[in-house]
Amino acid sequence: MTSADPIRYPDKPETVYFFGTCLVDNFYAQAGLAAVELIEREGVRVIFPQGQTCCGQPPFNSGYRDEARRVARAQMALFPRPFPVVVPSGSCGAMFRVHYAELFGGPDTAVSEQAQAREFAARVFEWSEFMHHVLRVRWEDRGPPVRVSYHPSCHLQRELGVRRAPLALLEQLSGVTLCPVEDAEECCGFGGTFAVKQEPISAAMVDDKARKIVAGGAEVLVACDAGCLMNIGGALARQGPAPRVLPLAQFIKERVHEA
Amino acid sequence: MKPDAGRFKVDAARATLNATLRQNLNHTLGLIRARRDAAFEALTAPEELQEIGQAIKQESLARLPELLERLEDRLTARGIQVHWAETADEANAIVLEIARRRGVQLVVKGKTMVSEETELNRFLQRHGIEVLEADLGEYIVQLAQQPPSHIVAPAIHMNRREIADLFHEKLGEPYTVDIEAMTAMARRVLREKFKTAGMGVTGVNFAIAETGTLCLVENEGNGRMCTTAPPVHVAMMGLEKVVANLSDLPTLNRLLTRSATGQAISTYFNWISSPRRRGEKDGPEEVHVVILDNGRSSVYSDGELRDTLACLRCGACLNICPVYARIGGHAYRAVYMGPIGKILTPQLAGLETAGHLTGASTLCGACAEVCPVKIPIPDLLLRLRQEGSQPTAAGRALFGPGAGSQRKPAEAMLWKGWQVLHDRPAYYRAATALARAAAALLPRRAASLSPWGRRRELPVPARASLHALLRNRPGA
Ligand code: SF4
């Protein structure tokens with residue numbers, strides 16, 4: 001499941017593709033825009049193919065691989081040139097980088113398609129990973145002091161192996177104080193359709209997560225996955241006065257942009 | 001006890017609301033996790049050790065048929081009697097036959113998950129033989145007339161007061177919550193029984209083909225007693241427990257004790273290499289080993305699912321699992337619970353019976369990360385979900401009898417519809433625009449009727465999609 005080989009990061013490119021993900025597209029569009037603008041700010045051209053929809057993870061995780069494969073095939077076709085593909089989600093990034101090889105690895109897929117999936121997978125990067133390891137951004141914090149907790153999403157940390165990058169980006173912001181959260185690495189209970197199909201277990205998990213975040217004392221909670229944020233944010237809102245919840249890119253954009 | 005999709009939903013939901021259970025689990029799981037982490041942090045290269053452990057188990061599995069033959073030869077040469085059982089019933093019948101021949105009336109048992117799998121206790125009791133669990137945790141759940149709720153810590157769902165109540169009620173001893181005192185009570189009962197037991201039954205952690213040695217890892221000395229005090233010792237093992245060489249053992253054992261309890265080494269390590277020999281003063285007169293298949297060879301025949309058989313039964317995946325921590329072990333209604341249970345049980349019991357367990361995971365991957373032999377549990381869950389949701393006829397041809405048993409027509413249609421929408425950009429954009437508009441109109445209170453909204457607010461849809469915000473970019 002985890003990509004065992006250490007990832008080789010390319011030199012700074014002139015152009016990248018951006019895959020927005022369906023959740024960012026529909027619920028966190030401003031965060032998607034912030035992620036794009038922060039890349040452009042570094043002098044990199046961003047191409048957003050308008051034909052993109054979803055990485056195919058929902059049916060894949062439910063066992064419906066044919067349906068996932070058809071949609072996956074349509075996505076890959078939208079990113080034909082050898083530019084890096086930047087994704088503002090650890091989960092969708094892992095679907096591309098880790099699971100496409102499996103999805104197109106069976107005896108029923110053409111050899112050329114298997115090779116295409118592997119080539120594509122190798123140039124997919126999650127947004128924070130790309131900003132830290134490839135663009136090596138340097139930011140100046142213009143925001144007021146603020147206490148922040150970071151939620152490390154499961155697929156980002158375990159499947160993509162990205163643990164350091166989001167924190168490294170946050171640490172550059174001089175006004176930010178990081179608040180540790182108890183059992184921070186534990187899953188928030190989202191799990192895609194799990195949140196609905198196994199609602200009682202999911203709710204028990206996210207209730208605990210929300211409580212521990214509140215106990216950590218942060219004013220803002222950031223993460224690199226929209227799914228977790230919807231889940232945790234939804235539970236926090238139900239529990240009472242809560243930290244503001246937003247995607248990492250959007251939080252950073254708000255603090256570094258020139259007024 | 002049989003897994004059951006409907007009951008799982010109910011039991012799991014009920015367990016999440018059981019504050020005592022949740023507290024008991026949190027407390028003990030937290031302790032074990034901390035110890036496990038500390039033990040791994042103290043190693044120079046923990047991940048490499050995991051990789052070596054994985055390689056050893058994979059190598060053993062690759063050579064399984066040959067190693068089992070060699071194991072049988074060596075064990076037999078040393079006077080240990082080897083029995084092969086294809087099913088749970090066969091295994092039980094073998095044990096009963098030995099017991100009858102020796103006129104056994106009382107069996108004492110060390111911890112063995114295989115005997116849980118065959119439901120040996122109930123079987124022997126039905127045939128008039130008394131069975132007593134000698135592992136403290138197992139003894140507690142036996143007194144409580146419950147199945148174990150964890151593969152290493154069978155009574156993890158109970159707290160000290162609950163155990164004190166149980167001892168007071170069942171043993172008639174004065175009430176105490178003092179752990180030492182309670183352990184002493186159990187020990188008094190057990191010591192008496194060891195003296196009269198005609199047979200000891202235990203599990204096996206590793207069976208070494210090269211030397212014909214059965215290894216048993218434990219902390220309480222009950223395993224030592226069960227394997228030495230009674231005149232007959234019967235060891236029960238799944239056929240996947242065989243490893244090639246003695247030199248494989250240090251790595252696997254270092255991983256096992258650290259993963260299970262955070263110990264660098266267990267208190268007892270029993271090497272069983274023969275019955276009592278001429279001139280020896282103690283040890284059993286007869287040693288038997290029952291090697292159980294019970295569905296394992298069919299697991300084995302699938303190159304991908306075979307990884308399931310590498311399991312050391314250390315319990316680390318249960319201890320880290322966020323789902324297990326919220327529902328405990330009983331909700332699964334299975335001998336093997338938690339992450340390993342979710343992949344093993346459906347394979348042993350059939351997807352028809354236990355396929356629903358594969359759905360009880362967020363695929364967070366914490367289990368695969370701590371697994372000492374790096375079993376890719378989430379990948380195997382995905383594989384089993386795929387099997388379960390196959391269109392029945394095609395799936396059976398590809399995967400065998402259980403395929404398609406989890407397929408629900410409505411869900412299948414949903415994903416088909418999903419695919420049609422996400423295959424065609426114009427449909428996707430139109431449909432998501434519509435959905436966002438509809439969601440914005442939906443009264444917030446109505447949302448709380450949906451499974452998502454019962455204990456969570458619904459997310460607020462974006463006013464303009466990212467597609468719209470980026471429409472004028474190059475390449476659009
Ligand atoms: S699957 Fe891995 S972690 Fe779980 S019990 Fe088996 S060896 Fe231990």
Side-chain angles (χ1 to χ4, degrees), chain A residues 1-2 18 20 22 24-30 32-33 36 45-54 56 58-65 67 70-71 74 102 154-155 158-159 185-187 189-191 194-207 230-231 233-235 237-238, chain B residues 12-13 16-17 22 322-323 326-327 359-366 368-369 376 378-379 382 385-390 406 411-412 415-416 418-419 421-423 425 428 432 435-436 450-471 473-476:
Chain A
M1 162 181 90
T2 7
F18 194 79
C22 58
V24 167
D25 190 30
N26 289 295
F27 294 101
Y28 292 96
Q30 286 302 327
L33 184 63
V36 167
R45 195 166 69 109
V46 178
I47 302 177
F48 182 87
Q50 284 280 329
Q52 59 181 278
T53 60
C54 167
F60 179 76
N61 281 359
S62 299
Y64 289 78
R65 291 200 185 183
E67 287 78 359
R70 288 187 188 222
V71 170
E102 263 166 77
C154 294
H155 293 170
R158 301 201 184 91
E159 294 196 328
E185 295 196 344
E186 188 176 70
C187 178
F190 176 61
F194 176 90
V196 177
K197 286 190 191 167
Q198 310 279 347
E199 187 268 340
I201 308 175
S202 174
M205 287 166 71
V206 74
D207 279 351
M230 278 164 44
N231 187 40
R238 206 46 85 76
Chain B
T16 63
L17 301 176
R22 294 274 301 274
V323 172
R326 305 257 162 7
I327 65 176
S361 167
T362 63
L363 304 171
C364 78
E369 197 170 46
D379 283 350
L382 284 171
R385 287 184 187 182
Q386 185 199 359
E387 269 189 51
S389 64
Q390 287 294 309
Q406 301 301 309
E411 195 191 353
W415 289 124
K416 193 70 208 162
W418 180 94
Q419 179 226 305
L421 286 182
H422 289 78
D423 233 354
Y428 166 83
T432 51
R436 284 199 314 275
S450 74
W452 173 279
R454 261 199 283 271
R455 279 151 77 184
R456 282 172 286 226
E457 291 297 321
L458 283 188
V460 183
R463 237 175 300 148
S465 70
L466 185 60
H467 277 83
L469 294 177
L470 296 176
R471 191 157 294 143
R473 303 271 153 155

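Each chain gets a letter, A, B and so on, in the order its sequence line appears, and its residues count up from 1.
Between chain B and the options A/G51, A/G233, A/G189, heavy-atom pairs under 4.5 Å are most frequent for A/G51. The candidate from A/N61, A/L33, A/V36 with the greatest count of non-hydrogen atom pairs under 4.5 Å with chain B is A/N61. When each of A/A195, A/S202, A/P59 is checked for heavy-atom pairs under 4.5 Å with chain B, A/P59 comes out on top. In terms of heavy-atom pairs under 4.5 Å with chain A, the best-connected choice from B/S450, B/A412, B/A464 is B/A412. The greatest number of non-hydrogen atom pairs below 4.5 Å with chain B, out of A/V24, A/N26, A/V206, A/V196, is found for A/N26. Heavy-atom pairs under 4.5 Å with chain A peak, among B/R22, B/R463, B/Q406, at B/R22. Residue with the most contacts toward chain A among B/G359, B/A12, B/A435: B/G359 (heavy-atom pairs, distance under 4.5 Å). Annotation: maximal heavy-atom pairing with chain B below 4.5 Å, among A/Y64, A/F27, A/F18, A/F60, occurs at A/Y64.
Of the atoms belonging to A/R70, heavy atoms from both backbone and side chain fall under 4.5 Å from chain B. Contacts between B/R436 and chain A at a heavy-atom distance below 4.5 Å involve the side chain alone, from C-beta outward. Only the side chain of A/A74 comes within contact range of chain B, judged by heavy atoms closer than 4.5 Å. Of the two parts of B/I327, only the side chain, counted from C-beta on, holds a non-hydrogen atom closer than 4.5 Å to a non-hydrogen atom of chain A.
For the atom pair B/T16 OG1 and A/E199 CD, the distance stands at 8.5 Å (nearest 0.5 Å). With rounding to the nearest 0.5 Å, the separation of OG in A/S62 from CG in B/L382 is 9.5 Å. Atom CD1 of residue A/I47 and atom CG of residue B/L470 lie 12.5 Å apart, to the nearest 0.5 angstrom. Remark: B/H467 NE2 to A/T53 OG1 distance equals 7.5 Å, nearest 0.5 Å.
Side-chain N/O atoms of B/R456 and A/N231 include a donor and acceptor closer than 3.5 Å.
No side-chain heavy atom of A/E67 sits less than 4.5 Å from a side-chain heavy atom of B/D423. Proximity of B/W418 to A/V71: side-chain heavy atoms (C-beta onward) are separated by under 4.5 Å at one or more points.
Checking side-chain atoms of B/S389 against main-chain N and O of A/G63 turns up a donor-acceptor pair under 3.5 Å. The backbone N or O of B/R454 sits less than 3.5 Å from a side-chain atom of A/R238, completing a donor-acceptor pair.
Closest of all the heavy-atom pairs between B/V323 and A/M205 is CG2-SD, 4.2 Å. The two residues A/Q30 and B/L469 make their nearest non-hydrogen contact at NE2-CD1, 3.8 Å. A pairwise comparison of heavy atoms in B/E369 and A/R158 identifies OE1-NE, 3.0 Å as the closest pair. Contact record, B/R455 with A/P200: NH1-O, 4.4 Å, taken as the closest heavy-atom pair.
Residues passing the salt bridge (Lys or Arg N to Asp or Glu O under 4.0 Å) test with B/R326, sequence neighbours excluded: A/E186, A/D208.
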